[in-house]
Amino acid sequence: MGDHDQRDTAAHARLPAAPAGAEETNLVIIGSAAAVIAAVIGTGVVVVQSRADDSRPAAVTKSASEEAVTPAAEPDPTPTYTELTADSFTVKLRTTERQCFGSAGCNVTVEPKLTFLGDTEEIDPDATYEITYEIHGDESGPVIETAELTDRTSLNYTPSLISTSSSRTKVSVEIADITQGDESA
């Protein structure tokens, strides 16, 4: 009987009891591991579709392990400006003086009034433009003058004195040519 008692005692031996709080610690470790695994799986590229169109992602989330790529700063592009032509402007004449002599006609002083038909930002601010225009109505034929445009909006010209054959003569103007002068002037 002595052998039998030892076997029963050995069969009924218990494992040492786990220290108090060990079960809670194990649950925290297992829970943390599960959360880390879920985070690793979930931080892959996630594409959220906003429409039924499967070919176009609405939002993309990148994982934290991907490096942020910052594009190299590109130099400011060289500005491009509109090439000015006679069609870039309208021109009218402003009469500043008129002296008439009955049937002998009139002496008329006129100045060009130019209007740019676009945005002045399209004009090169560093360029000088020579705008040649013809005044019609002078009794001796067309009068050709040139105005100078600088700083996009500054127009320099000399008033023109013309002689008309009568007080009823219509004076008109048209732009003949525009050239870009020397930029260093």
Side-chain angles (χ1 to χ4, degrees), residues 45-64 66-185:
V45 176
V46 176
V47 178
V48 178
Q49 297 295 329
S50 67
R51 306 174 193 218
D53 179 12
D54 292 338
S55 66
R56 228 174 118 184
V60 176
T61 305
K62 295 181 180 180
S63 69
E66 291 183 41
E67 291 185 32
V69 178
T70 304
E74 293 182 24
D76 290 337
T78 303
T80 56
Y81 299 106
T82 299
E83 182 177 336
L84 301 184
T85 65
D87 294 332
S88 301
F89 294 89
T90 59
V91 64
K92 294 181 178 181
L93 289 175
R94 176 176 169 248
T95 302
T96 58
E97 276 187 60
R98 177 185 301 255
Q99 185 177 13
C100 294
F101 307 101
S103 63
C106 300
N107 288 334
V108 182
T109 304
V110 293
E111 299 176 350
K113 288 295 180 190
L114 284 146
T115 303
F116 182 64
L117 299 175
D119 182 359
T120 56
E121 295 296 315
E122 298 172 1
I123 300 174
D124 185 349
D126 299 322
T128 298
Y129 298 94
E130 293 177 356
I131 303 170
T132 304
Y133 55 98
E134 285 185 23
I135 301 171
H136 301 278
D138 186 80
E139 61 188 356
S140 56
V143 175
I144 298 173
E145 296 283 357
T146 301
E148 189 175 86
L149 177 67
T150 57
D151 299 325
R152 294 183 173 148
T153 59
S154 181
L155 186 66
N156 297 313
Y157 57 89
T158 302
S160 302
L161 176 62
I162 61 171
S163 296
T164 63
S165 57
S166 81
S167 61
R168 293 185 204 140
T169 301
K170 295 287 184 187
V171 179
S172 63
V173 65
E174 66 180 321
I175 297 175
D177 190 30
I178 297 180
T179 58
Q180 186 171 341
D182 184 13
E183 292 181 17
S184 63

Query - Which residues share a ring pair (Phe, Tyr, Trp, His ring centres under 6.0 Å) with Tyr129, sequence neighbours left out - result: none

Query raised in the report: Partners of Glu130 by side chain to side chain donor-acceptor pair (under 3.5 Å), sequence neighbours excluded?
Result: none

Requested in this report: Heavy atoms only: give me the nearest Ser167-Arg98 pair and the separation to one decimal.
Outcome: O-NH1, 3.9 Å

Report task. Work out which heavy atom in Leu155 is nearest to a heavy atom in Ala147; give both atom names and the distance. Result -> CD1-CB, 3.7 Å

Query - Partner residues of Ala86 under the side-chain contact (heavy atoms from CB on, under 4.5 Å) criterion, sequence neighbours left out - result: Ile175

Query - Non-neighbouring partners of Thr85 that pass side-chain contact (heavy atoms from CB on, under 4.5 Å), sequence neighbours left out - result: Asp87, Ser88

Requested in this report: Please list all pairs passing the ring-ring contact (aromatic ring centres under 6.0 Å, His included) test where one or both residues lie in residues 142-180, with sequence neighbours left out.
Outcome: none

Query raised in the report: For Pro112 and Val91, which heavy atoms make the closest approach, and how far apart are they?
Result: CB-CG2, 4.3 Å

Query raised in the report: Among all residues two or more places apart in sequence or in another chain, which pass the salt bridge (Lys or Arg N to Asp or Glu O under 4.0 Å) test with Glu83?
Result: none

Requested in this report: Name all pairs fulfilling the salt bridge (Lys or Arg N to Asp or Glu O under 4.0 Å) condition that reach into residues 138-164, sequence neighbours left out, sorted by first residue then second.
Outcome: Glu121-Arg152

Query raised in the report: So which pairs with a foot in residues 170-179 pass side-chain hydrogen bond (donor to acceptor under 3.5 Å, both in side chains), sequence neighbours left out?
Result: His136-Glu174

Report summary line: Of all heavy-atom pairs linking Asn107 and Ser163, the shortest is OD1-OG, 3.0 Å

Query - Residue pairs involving residues 83-132 (criterion disulfide bond (SG atoms under 2.5 Å apart); sequence neighbours excluded) - result: Cys100-Cys106

Query - Pairs involving residues 107-148, ordered by first then second residue, that meet disulfide bond (SG atoms under 2.5 Å apart) (sequence neighbours left out) - result: none

Query raised in the report: With Phe116, which residues qualify under ring pair (Phe, Tyr, Trp, His ring centres under 6.0 Å), at least two apart?
Result: Phe89

Query raised in the report: Listed by chain and number, what are the salt bridge (Lys or Arg N to Asp or Glu O under 4.0 Å) partners of Arg94, not counting sequence neighbours?
Result: Glu111

